[in-house]
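First up is the structure itself, then whatever we jot down about it.
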Amino acid sequence: MKILVTGGAGYVGSTLVPLLLEAGHSVRVLDSLMHEGDSLLGAWSHHAFEFIRGDIRDPVAIRQAVADVAATVHLAAIVGDPACARNPSLARAVNLDASLALLKACKESHIDRFVFASTCSNYGKMEDPTCYVNETSPLHPVSLYAETKVEVERAILDPIQASELCTTSLRFATVFGVSPRMRFDLTINHFTMEMIRDKHLVVFGEQFWRPYLHVRDIARAVLAVIEAPRDKVCGQVFNVGSTEQNYQKQQLVEMIRPHAPGASVEYVHKDEDPRDYRVSFEKLADLLGFAAVHSVESGIARVAHLVRSGLIDNPKDPKYSN
C-alpha cells in the first residue's frame with residue numbers, strides 16, 4: 001500500500017521508512033526537516049519513495065501529503081518533555097492542533113488506516129510500584145508532551161471523530177539504539193555516550209522504572225500494525241515494548257559499565273519523580289505475535305561501538321538532540 005509517514009526524517013521515522021520500503025510498500029514522507037534530512041538519503045533512490053518538505057501545521061502541505069495514500073503513520077511531533085516545556089505554544093500547535101487537523105484530512109480523503117505514535121509517558125506515576133500498568137490502566141499525564149498525546153488519543157479513538165478510519169494508538173516505550181537520525185539525548189544512548197566519552201555520569205532518581213525498546217523494534221511494531229487484519233487493530237491502543245525490558249536507571253548503568261571501564265557514576269537520589277512506571281506489553285504480543293528482537297544489552301553495545309568509532313565527531317552537537 002502507499003503509506004504516508006509524517007516526521008519520516010526523525011529518529012523513529014528514518015528507521016521505519018526503509019523497513020516499509022523493504023516490505024514492498026510505497027512511502028511518502030512529510031517532514032519540515034527541523035533536524036535536517038540526511039537521514040533519508042538512503043531511501044532517496046528507491047523507486048517507491050517520495051518526499052514532501054512541509055510543515056505539519058500547513059493545510060496545503062497536509063492536503064498534498066494525504067492525497068492517494070491508503071494509510072498514515074503519524075510520527076511528526078515536538079518530542080519529549082524538555083522540548084515541549086521549552087516552547088509550550090509550539091508543542092500544542094504541532095502535537096495537538098496539527099494532529100487533529102491531519103486526522104480530519106485523512107477522514108475527508110477516505111484513507112483506510114491511521115496509526116498514531118503516542119507514549120507510555122501517558123501513565124505518569126504508578127500508584128503501586130510493584131504492579132505493571134496496561135492499556136486499561138488510568139492515564140496520569142504529568143507533562144505537556146503526554147497531555148497532548150492523551151488528547152489526540154481520545155480523538156482518534158472516538159468513533160464519531162474517526163468515522164470509517166481504522167485508527168490505532170501506539171504507546172511507545174522509551175526508545176534507544178542507533179538510527180540514521182541519531183539522538184544522544186535519549187536515556188540509554190545518553191548514559192552510554194557520557195560514560196564512554198566523559199568517564200562520568202550524573203543520574204537523577206536511579207530507582208525509578210521505565211520500559212525501553214530498540215528503535216528497530218519500534219519500527220517493526222508499526223509495520224506489524226499496518227499489515228495486521230483490520231479487526232485486530234481498529235480502535236485499539238497498544239503499548240509497544242517488551243515486558244522483560246522494564247528497567248531502573250541504576251540497572252542500565254550496570255549494563256553499560258563493561259563498555260566504560262573506569263567511568264564514575266554519581267547518583268543524585270530523588271524520592272519523587274513525576275514519571276515512574278512499569279508497563280505490560282502482553283496485548284501486542286498476544287494479538288499480533290510481536291516480540292522484541294533487540295535487547296537493551298545489544299543496543300548498548302552498538303551505541304558504544306558508534307561512540308568509539310569516530311564516525312560521529314561530537315555526539316554533543318545539538319543536531320543529535322531534540
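All residue numbers refer to positions in the sequence shown, counting from 1.
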What residue pairs, at least two apart or across chains, pass disulfide bond (SG atoms under 2.5 Å apart) with a residue in residues 185-258? Cys166-Cys234

According to salt bridge (Lys or Arg N to Asp or Glu O under 4.0 Å), who are the partners of Glu36, at least two apart in sequence or on a separate chain? none

Ring of Phe238, cation from Arg171 - is the NZ or CZ under 6.0 Å from the centre and inside 45° of the axis? no

State whether a side-chain donor-acceptor pair under 3.5 Å links Asn134 with Ser280. no

Salt bridge (Lys or Arg N to Asp or Glu O under 4.0 Å) contacts touching residues 137-146 (sequence neighbours left out): none

Under the side chain to side chain contact (heavy atoms under 4.5 Å, CB included) rule, collect the residues that match up with Ala304, sequence neighbours excluded. Thr192, Ile196, His259, Arg308

Could I get the full list of side-chain hydrogen bond (donor to acceptor under 3.5 Å, both in side chains) partners for Lys104, not counting sequence neighbours? Glu108

Could you check if a side-chain atom of Tyr267 sits within less than 4.5 angstrom of a side-chain atom of Val253, using non-hydrogen atoms only? yes

Determine whether Lys283 and Gln236 satisfy the following criterion, side-chain hydrogen bond (donor to acceptor under 3.5 Å, both in side chains), listing intermediate values before the conclusion. CA-CA 10 Å; Lys283 180 179 178 180; Gln236 294 293 324; 2.7 Å; yes

Partner of Phe172 under side-chain contact (heavy atoms from CB on, under 4.5 Å), chosen from Val222, Asn239, Val215: Val222

Check the side chains of Thr187 and Asn189 for a donor-acceptor pair under 3.5 angstrom, ignoring hydrogens and angles. no

What residues form a salt bridge (Lys or Arg N to Asp or Glu O under 4.0 Å) with Arg257, not counting sequence neighbours? Glu254

With distance as the sole test, does Asp317 use its side chain to make a donor-acceptor pair with the main-chain N or O of Tyr320 at under 3.5 Å? no

Within the distance-only criterion (no hydrogens, no angle test), does the side chain of Asn95 pair as donor or acceptor with the backbone N or O of Ala77 below 3.5 angstrom? no

Disulfide bond (SG atoms under 2.5 Å apart) pairs, two or more places apart, involving residues 58-99: none

Might you point out which heavy atoms bring Val17 and Gly8 nearest each other, and give the distance in Å? CG2-O, 4.0 Å

OG1 (Thr6) and CG (Asp55) are apart, to the nearest 0.5 Å, by 11.0 Å

Taking atom CZ of Arg302 and atom NE2 of His294, what is their separation to the nearest 0.5 Å? 11.0 Å

No-hydrogen, no-angle side-chain donor-acceptor test under 3.5 Å, Thr243 and Glu282: yes

If the threshold is 4.0 Å, N to carboxylate O, is there a salt bridge linking Arg230 and Asp112? yes

Verify the ring-centre separation between Tyr123 and His140: is it less than 6.0 angstrom? no

Please identify each residue that fulfils side-chain hydrogen bond (donor to acceptor under 3.5 Å, both in side chains) with Asp97, with sequence neighbours left out. none

Residues passing the salt bridge (Lys or Arg N to Asp or Glu O under 4.0 Å) test with Glu297, sequence neighbours excluded, are none

Residues in side-chain hydrogen bond (donor to acceptor under 3.5 Å, both in side chains) with Arg86, at least two apart? none

Looking at Leu102, Thr168, Val73, which hits side-chain contact (heavy atoms from CB on, under 4.5 Å) with Phe114? Leu102

Check against side-chain hydrogen bond (donor to acceptor under 3.5 Å, both in side chains), Ser118 and Asn122: CA-CA 8 Å; Ser118 192; Asn122 293 353; 3.0 Å; yes

With the side chain counted from C-beta on, respond yes when His25 and Glu227 share a heavy-atom pair under 4.5 Å apart, and no when they do not. yes

Are Glu164 and Lys107 within salt-bridge range, i.e. N to O under 4.0 Å? no

Report the C-alpha separation of His269 and Glu206 in whole Å, then their side-chain angles, then the decisive distance to 0.1 Å, and conclude whether the side-chain hydrogen bond (donor to acceptor under 3.5 Å, both in side chains) test is met. CA-CA 7 Å; His269 190 80; Glu206 73 278 5; 3.1 Å; yes

Donor-acceptor pair, distance only, cut-off 3.5 Å: does the side chain of His74 make one with the backbone of Phe116? no

With sequence neighbours excluded, residues passing salt bridge (Lys or Arg N to Asp or Glu O under 4.0 Å) with Asp217: Arg220

Let me check something: any side-chain donor-acceptor pairs from residues 177-184 under 3.5 Å, sequence neighbours excluded? List them with distances.
from: Ser179; atom 1: OG; to: Tyr11; atom 2: O; distance (Å): 2.7
from: Ser179; atom 1: OG; to: Ser14; atom 2: OG; distance (Å): 3.2
from: Ser179; atom 1: OG; to: Thr15; atom 2: OG1; distance (Å): 3.4
from: Ser179; atom 1: OG; to: Arg181; atom 2: N; distance (Å): 3.3
from: Arg181; atom 1: NH1; to: Asn322; atom 2: OD1; distance (Å): 2.7
from: Arg181; atom 1: NH2; to: Lys319; atom 2: O; distance (Å): 2.9
from: Arg181; atom 1: NH2; to: Ser321; atom 2: O; distance (Å): 3.3
from: Arg183; atom 1: NE; to: Asp185; atom 2: OD1; distance (Å): 2.9
from: Arg183; atom 1: NH2; to: Asp185; atom 2: OD1; distance (Å): 3.3
from: Arg183; atom 1: NH2; to: Asp185; atom 2: OD2; distance (Å): 3.1

Which heavy atom of Ile78 sits nearest to which heavy atom of Ala91, and what is that distance? CG1-CA, 4.1 Å

Which heavy atom of Phe176 sits nearest a heavy atom of Gly299, and at what distance? CE1-CA, 3.7 Å

